[in-house]
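I have placed the structure first, in the form of structure tokens, so that the comments after it can refer back to it.
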There are 2 protein chains.
Amino acid sequence: MQRYTQQRNAILNALVAAARPMSPQEVLVAAREATPSLGIATVYRNLKLLVGDSLVHAVELPGEPPRYEVADLGHHHHFKCTACDRVFDVGECVADLKRLLPAGFTLERHDITLYGRCRDCGAGARPRPRR
Amino acid sequence: MQRYTQQRNAILNALVAAARPMSPQEVLVAAREATPSLGIATVYRNLKLLVGDSLVHAVELPGEPPRYEVADLGHHHHFKCTACDRVFDVGECVADLKRLLPAGFTLERHDITLYGRCRDCGAGARPRPRR
DNA sequence: TTGTATGCAAAGCGTTTGCAGTGAT
DNA sequence: ATCACTGCAAACGCTTTGCATACAA
């Protein structure tokens, strides 16, 4: 990271404010509040830069393009609401994944993604509009 | 599924023979052994059809396009070797995922992806070439 | 004979890159 | 004054779709 720019600052601020993983499009919309001329290419370039500097972390969910969140959140996993498509962080993690492995395999890391209804969309509630 | 075709049969056979999740490109290459004129569009169309008929299951790993495997394998998860990039099925699954959820959230399903070294690539072994 | 399925090529879609101009240092 | 950064538009890679032809029924 070499220079401070309005755009980069707006992108990082958007991620901090959202406090959940955002898609590049979501970042674009949010950061344009501060920098209306912002282009999508700049969002992608800065997300990559910020990930490279470990200020931002890429959240890869199965079957969809990566989202991004601030990096200082420690080990956690993600919950995707099947009604509104928003993604939330979930804390602590199950232990004992090693025992799933066949003999001779070694475990380096793992991803867990949970799917269901979030508080807003649960049970009889009228779901929020998707994402 | 309405008609039997050589192409569809070749695609399904390739998946059965591989016994692990394959990318559409891998399916194309394998199925062309039986049907050399096969086109990639037909692979995609048939994978979608076969998934619709629950004969094939889409395996979505974080950060990469879906792979496909035969559907009659029951509940399991996946292990991706960080050296050779092959994906393996792993059996039984951890319980107790519900306790990860914040209050008010309900759990419908989950994905677990493990990463590490497979038997062939483990420890001091010279890794296989990447997929 | 009928109409689903196929192969090709063009179109989509999200992401990346080339380039000339902008602006932080 | 530099040169990293930006915005635009073109390029990319993977997947989907339109269309005329082929072939299972």
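Within every chain, numbering begins at 1; the chains are lettered A, B, ... in the order of the sequence lines, protein sequences first and strands thereafter. If you're wondering where the values come from, they're calculated on a predicted model, not measured in any experiment. For the numbers below, each heavy atom of this structure counts, side chains included, while hydrogens, waters and symmetry mates do not.
With hydrogens and angles ignored, the 3.5 Å screen pairs a side-chain donor or acceptor of A:T82 with a backbone N or O of A:G116. Not a single donor-acceptor pair under 3.5 Å links the side chain of B:R117 to the backbone N or O of A:T106.
A straight line from CG of A:L47 to C1' of D:dC5 spans 15 Å, rounded to a whole angstrom. Straight-line distance from the CD1 atom of A:I40 to the P atom of C:dT17: 15 Å, rounded to whole Å. Note: CD1 (A:I11) to C1' (D:dT6) measures 10 Å, nearest angstrom. The CG atom of A:N9 sits 11 Å away from the P atom of D:dT6 (whole-angstrom rounding). Rounded to a whole Å, the CZ atom of B:R8 is 12 Å from the P atom of C:dG7. The CG atom of A:L49 sits 12 Å away from the P atom of D:dA4 (whole-angstrom rounding). For the pair B:L28 CG and D:dG13 C1', the computed distance is 15 Å after rounding to whole Å. As rounded to whole Å, 14 Å separates atom P of C:dG14 from atom OH of A:Y68.
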Each nucleotide in nucleotides 19-25 of chain C should get exactly one letter: B, S or -. Can you fill that in based on protein heavy atoms under 4.0 Å? ----BBS
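The aromatic rings of A:F105 and B:F88 sit perpendicular, their planes meeting at an angle over 60°, well past the 30° parallel limit.
By the neighbour-count criterion of 12 heavy atoms within 6.0 Å, atom CD of B:E33 is sparsely surrounded, having that number or fewer from other residues, nucleotides or ligands.
Taking for each of B:P24 and A:A41 the nucleotide of DNA chain D with the nearest heavy atom, the 5'-most of the two is the partner of A:A41.
Partners of A:T5 under the side chain to side chain contact (heavy atoms under 4.5 Å, CB included) rule, at least two apart in sequence or in another chain, are A:Q7, A:R8. For B:H57, there are no ring-ring contact (aromatic ring centres under 6.0 Å, His included) partners two or more places apart in sequence or in a different chain.
Of all heavy-atom pairs spanning A:D111 and B:P62, the tightest one is OD2-CG, 3.3 Å.
Contact annotation: B:Q7 reaches the phosphate of C:dG7 (side-chain N/O to OP1 or OP2, under 4.0 Å).
Out of D:dC14, C:dT6, D:dG7, the shortest distance to the side chain of B:N46 is found at C:dT6.
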